[in-house]
Visitor: 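Quick one: this structure, given as structure tokens, is what I'll be asking you about.
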Amino acid sequence: MNSQYFVNLLIIAISAAFINNVVLSQFLGICSFLGISNKIKTASGMGFAVIFVITLSSIICSLIYDFILLPMDLEYLKTIVFIIIIAALVQLVEMVIKKYSPALYDALGVYLPLITTNCAVLGVALINVENGFDIVESIVNGFATAAGFLVAIVVLAGIRERMEHNDITVSFRGFPITLVTATLMAMAFYGFAGLV
Amino acid sequence: MSVLNWNILIAGKVLPQVSGLVLAVNVYDILLATLVVSAIGLLIGLFLGVASKKLEVPVDEKEAKVRELLPGANCGGCGYAGCDACAKAIAIGEAAADVCPVASSDVHVEIAEVMGSSVEASERQVAYVDCVGTCDKAKINSTYYGPKDCKLASGIGGNGSKACNYGCMGFGSCVKVCAFDAIHVVDGVAVVDKEKCTACGMCVAECPNNIIEMVPYKSKVFVACSSTDKGKDVKKVCSIGCIGCKLCEKACEYDAIHVNDNLAKIDYDKCTNCGACVKVCPVKVIQE
């Protein structure tokens, strides 16, 4: 483990969280990004649930890929296996949240099981494999990507909370203005482009 | 795609080409793939099974039973968001067993049995509109062009196009909130269908003029007016409005009808539906 490796990890983290922000520049996971970003509290709850799911799925997916699929020449099974793992993880997260935070469970509602079909989760697992990341790199990439999702959704929720009582033209109320906001945020995040 | 290519795809790697059409399929690879995926599935299934036992949230049996007994109309008459929320509130003891105004008293008793409490069999109630100022009886003093909605119209001032400031505007806001198709505007005045009414109280809450009240289902005699104006003023705007003459009060043997604020009111606990007041009422506003 030399310092070069840590610099590499740092670059992976920064590029995953900001430069290639999962929502704002890769356009993955838009559904929940727009769906439950009307309150900061539920948005951050969703963000942390996604962090948990993505980090854990990165670990398990890359473990299974490295130690089961690769040695057996079964790389082509990665999509289906990853989907199974992600679905199971979401089930687990749902059970944990239902047990320990019923209020958050009610607030997240249908979007919680929808993490299963949140393409950001599968996307991260596949990006890990495609870039040939080892396990530590996969964990860092997964965590940073999910952190980027958390930042994006919480910032959007904050803006939406402030817009709530603004005098917006009737035809722009609700989702249209949210999409405009998301666009402006994406353009702002484009400023990170030359960072690494 | 040729048969050969399909075989290659299924096996996941290029098969040694023999000659012409190759039908050989790499059985070993297929079995391995199946085995690996099923093994992963099995492991995850077992893990989730154990986790669901460990993290089980006990579901209240009472809640499920109460929910089954409730009507399921989700009308919101109980004050909760719907029948699910109402069942939850009853199960944790937050709401009384007879909180649902729609369910019959038999159902209330059943719910009380589930909860282990007792409830008095209550009398069935229905909504009644205290106005019979139909188009031919109530006078018009203006032409109303605004939105056909009682609440919006009441915000403008005046009372729709009717001259009476107390009566039914007839725009049917109560009709819109009724989940049971039990109230309709007939000839400019809302009328409750007694049989369909479930006493959920939504129309009572909706009416901006507060002229809908809850009455016992058994009652037959009602004062169909809400005007507290003096007799002379009532006469000017409506041919059937209560003028507060007190003839009914004198005619009643059971002390069940009284005139307050120029308006007769029936005490349904005392009323015997004898009809004495109906006979003496000069404007025929007391109706059977």
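Protein chains get the first letters and strands the later ones, always in sequence-line order, with residue 1 at the start of each.
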Visitor: Name the region of B:I40, side chain, backbone, both or neither, that has any atom closer than 4.5 Å to a heavy atom of chain A.
Guide: side chain

Visitor: Is there side-chain contact between B:I183 and B:V129, with at least one heavy-atom pair below 4.5 Å?
Guide: yes

Visitor: Thinking salt bridges, do B:E206 and B:K151 make one under a 4.0 Å N-O criterion?
Guide: yes

Visitor: How about A:V154 and A:S44: do any of their side-chain heavy atoms sit closer than 4.5 Å?
Guide: yes

Visitor: Between A:V136 and A:Y5, is there a side-chain heavy-atom distance shorter than 4.5 Å?
Guide: yes

Visitor: For B:I44, which atoms come within 4.5 Å of any heavy atom of chain A: side chain, backbone, both, or neither?
Guide: side chain

Visitor: Any residues in residues 81-101 of chain A near chain B, with a heavy-atom distance under 4.5 Å, and which are they?
Guide: A:V81, A:I84, A:I85, A:A88, A:Q91, A:L92, A:M95, A:V96, A:K98, A:K99, A:Y100

Visitor: May I ask you to test the B:L70-B:D84 pair for a side-chain heavy-atom distance under 4.5 Å?
Guide: no

Visitor: Does any non-hydrogen side-chain atom of B:V185 lie less than 4.5 Å from one of B:V189?
Guide: no

Visitor: Taking atom types as modelled and ignoring hydrogens, do the side chains of A:N128 and A:E137 form a donor-acceptor contact shorter than 3.5 angstrom?
Guide: no

